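The block underneath contains the structure these notes are about, expressed in C-alpha cells.
Below, read A as the first sequence line, B as the second, and so on, with proteins coming before strands; counting in each chain starts at 1. Note that the structure is predicted; figures quoted are calculated from it, not measured.
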Protein chains: 2
Amino acid sequence: MIPKVTAKDVAKLAGVSQSSVSRVYFEGASVSAKTKKKVLEAAEELGYRPNEFARSLITNRTKIIGLVMKGVQNPFYPQVLKQFTSEFKKIGYSILFVHTNNDEIQKDDIDILLNYHVAAVIITDATLSLSAMEEFKDNKIPVVLFNRKVVKSDFYSVCCNNLKASEAIGEFLIAEGCTKLAYIAGNANTSTSIERERGFTNIVEKHNVHLKKYSSDYTYEGGYNTAREIISKKQLPDGFFVANDIMALGVLDALRENQIAVPNDTKVVGFDNIEMASWPTYNLTTWEQPMDEMIAETMTYLINEIENYTGIAKNIEIDGKLIVRETTKKGVD
Amino acid sequence: MIPKVTAKDVAKLAGVSQSSVSRVYFEGASVSAKTKKKVLEAAEELGYRPNEFARSLITNRTKIIGLVMKGVQNPFYPQVLKQFTSEFKKIGYSILFVHTNNDEIQKDDIDILLNYHVAAVIITDATLSLSAMEEFKDNKIPVVLFNRKVVKSDFYSVCCNNLKASEAIGEFLIAEGCTKLAYIAGNANTSTSIERERGFTNIVEKHNVHLKKYSSDYTYEGGYNTAREIISKKQLPDGFFVANDIMALGVLDALRENQIAVPNDTKVVGFDNIEMASWPTYNLTTWEQPMDEMIAETMTYLINEIENYTGIAKNIEIDGKLIVRETTKKGVD
DNA sequence: TAGATTTTTGCATACGTATGCAATTATTTC
DNA sequence: GAAATAATTGCATACGTATGCAAAAATCTA
C-alpha cells in the first residue's frame, strides 16, 4: 500500500513550503533555480505528481478537450481524432472522447462535457441545438463544429469550402465531357451534403447539363445500394459526384459488379480523400479536405478562446483541392 | 456573466444544508424523499451540476477510463473505441483517449493517465513496459491489454484465441486443397502476429505442407507491397494467411492488379472481420474476433477491480469463428 | 403515549492544489 | 557599503464536494 504523495510531502523533504512546490509545477510562477532543483529532486524521490483534480478545482480550468464524434466507420473521422489528439497533447491538453449516435448531440453527452468542465469542445460529425449551445456559452466553453456548419449564426464552425469545392467538381466533370450527371447525397440534414449539392447543382445547371439527384446516407452500403438502384433502373449517368469517399467506394463496387467500366462508361468523383481512395483497386478521384489547415484553424481559435473567452461566432471555410485519379480519366472508347 | 452555482447555493435555496445536497447526488446516501425533491427542484432552477473535480478530489476516484490506441487506420480499432465508449457511458464512465505512436506506450502518456487518476486503463494495440505496469499497480489502477498479450505474467489481457484460430485457419486452407502456403505477418513484435504465425505453422508442418513466411506491418500498404514482391519473385502460393484484414485487402488488390484470380489461382484468409471484409469487391474469408465478448470480459474485470482492487493477472482468450466468403471457395478451374 | 430504535440532518473538517499578501532574501544602483 | 528595488518565499485561505459524528426527527414497539 503506497501512501499517496502530495505537494506537502515533497515540501517537507525538500525543506520548503508547499507553495514553493506548487510554484515549481505551475507554469509562469516565480521560483529560484535552487528551490526548483531541490523540489524536483524530492519529487523524483517520492514519485510525486500533481493532482489534476485539485488543480482544476482551484484554477477552475481543465486541460481537457471534449471531442464529440459520430461516424467512426468513416475513416475520415478516426484520422481527425488522431490528429487532434496528437496536436493537443503537444500543448498539454487531453481528449475526452464522446460518442454520439444522433446527428444532434444529446443532453447526456452535454452533461458529461459540462460536468468535466472541459476547456473546449469539438464536434466533428454532428451538430448542436441552440439551447445546448447556450449552455456552453453560459459556462464560457468554446465550441467548434468541425466539418459541419449550422445556419444559425451562433456557432463557430470550421469546414472545407464545400460550395467552392463542389462547383469545381461540377466544372471538372463537365470539362471531362460528362453530359448526364448524378449527385448522390449524404445524410439529408447535414450541411456538408446540402452545400455540396448546391454547389454542384449551380454549375451543372449553368451549363445546362442533365442532373439527377439521389439521396443516401454517407455510408458504404448507402452508396452501394443507391448505385445498384440506379443501375437497375437503367438511369446510369456518365458522371457521378458522390458526397463522400466511403459512399463513392460503394458506388465503384456496385459499378464493377455490373461490369460498368470506370472511367470509360461513367466517371466517379468522391469527397474527403480518405486513405482508401488511393488504394489501387479504387483509385478514386476526389476532393482533398485541407485537414491540417482545418485542424490548425480550430486549434488557434480554441486556444485563444480558452485564454480569453469571447464567444465569437464565425464560419471558417478553407479551400481544398481536387485529386485526380483513375476514376475520371478522359473517356476513350 | 453567469455566476457558478455550487451545492451551497442549491442548499440555500432549498433550505437545507450543503451536506444534504451532496447526499442527493451521491449514490447510496440516505436522504428523505422530501429533501430530495426540494433539492432537485432548487438544482433545476439554478442549473446546478456537481463538480466532478471536487468530487474526485475527495473520493479519490474518478469516472474516467483511459483508452490507449495506436492504429486508428485499421478500422478494427475505431470500432473498439466506439463500443467501449458506448458501454462505459451506460455505467457512468467517460473515456480519456490517448493516442500513442509507439508499440510500447511511453512515459508521457502514462503520466497523463496517472495525473488524471483514471479509474482503469485499456491498452488496445500497444503494450507496456514492466516498470510502467508497476506504476499503475502502485496506484491500484487496473490495466487490460486488449488484443495484445505479453509473456510476462504481470498483465491482464483479453484476446481472441489467436493460436486456436490460426490453427483452424491452417486446417481450413489445407482442407481446401492448398499445398503451398504463405503467411504474411504483422508487426514482428506483436503477440497477435506471433501467435497467429505459430498456430498456423503448427498445423501446416503437421500436414507437411510447404510454407513460406513474409514479414510485414499490419497496414494496407504492407500487405500490398509484400504481395507484389511475392508475385514479382514468382513465389505465388496457392493459399495466403494474412495476419489481419487490412493487410489482406492490400494482398487482394495486388493480386487483382496482376490478374491473379482469387480463389482460383490462390486463396486468401484474413483476420478480424472488419466491415470492409464483407464488401463485395473483397468478400474476404476471415476470422471474426468475438468483439462483444472481449469487450464484456474486459469490462467485467475492470469494474470488479475498480470496486475491489486485486491486481490479478491472467490471459483471457476467447474463441472466434471463421467467416467463409469468396476468397477461399473450392477451386474449380 | 413513552420509550427505544432507526432514519435523516447539519456541523465541521478534509481532500490537494493555487494564489494574494506580507515578509524575507537577493540584486542593483550610486 | 547603504539604500532602493526586484525576486523569491511562506502563511493562510479558498476551491466544491464527501463524510464521520452527534443532534434531531421520524418511525416503531409494547
- Query: Counting side-chain heavy atoms from C-beta on, which of dA18(C), dC15(D), dA18(D) comes nearest to T59(B)?
  - Reply: dA18(D)
- Closest of dC21(D), dA18(D), dA12(D) to the R23(B) side chain is dC21(D)
- Item | Nucleotide dT17(C), atom P - distance to CG of N60(A) in whole Å | 18 Å
- Atom CZ of R61(B) and atom C1' of dT17(D) are separated, to the nearest Å, by 16 Å
- Message: Under a 4.0 Å threshold between the charged nitrogen and the carboxylate oxygen, would E87(B) count as salt-bridged to K90(B)?
- Response: yes
- Task: Verify salt bridge (Lys or Arg N to Asp or Glu O under 4.0 Å) between K38(A) and E41(A), making sure each step is shown before the conclusion.
- Result: CA-CA 5 Å; K38(A) 282 194 292 184; E41(A) 282 170 1; over 6 Å; no
- Query: Is V16(B) touching bases, backbone alone, or none of the nucleic acid, heavy atoms closer than 4.0 Å?
  - Reply: sugar-phosphate
- What's the NZ-C1' distance between K63(A) and dA18(C), to the nearest Å? 14 Å
- Query: With respect to the side chain of S22(B), which nucleotide from dT19(D), dT9(C), dG10(D) is positioned closest?
  - Reply: dT19(D)
- Task: Under 4.0 Å between any heavy atoms, over every strand shown, what does S30(A) touch: base, sugar-phosphate, or nothing? Just pick one.
- Result: base
- Task: Starting from P on dA18(D), measure out to CD on Q18(B) and report it in whole angstrom.
- Result: 8 Å
- So what does S19(B) hit on the nucleic acid, given a heavy-atom distance under 4.0 Å: a base, only sugar-phosphate, or nothing? base
- Query: Hey, what's the ring geometry for F97(B) with F97(A), parallel, tilted or perpendicular (30° and 60° as the breaks)?
  - Reply: tilted
- Message: Using the side-chain heavy atoms of I58(A), tell me which of these nucleotides is nearest: dT8(D), dG16(C), dG20(C).
- Response: dG16(C)
- Looking at dT9(D), dA18(D), dT17(C), which one has an atom nearest to any side-chain atom of R55(A)? dT17(C)
- Task: Counting heavy atoms from C-beta on, name the nucleotide in dT19(D), dT9(C), dG16(C) closest to the side chain of N51(A).
- Result: dG16(C)
- Task: Anything under 30° is parallel, anything over 60° is perpendicular, the rest tilted; go ahead and classify F53(B) against Y116(A).
- Result: perpendicular
- Sugar-phosphate, base or nothing in reach of T35(B), heavy atoms under 4.0 Å: sugar-phosphate
- Message: Please classify the nucleic acid contact of V31(B) as base, sugar-phosphate, or nothing, using heavy-atom distances under 4.0 Å.
- Response: sugar-phosphate
- Task: Measure distances between side-chain N and O atoms of R49(B) and base N and O atoms of dG16(D), and say whether any donor-acceptor pair falls under 3.5 Å.
- Result: no
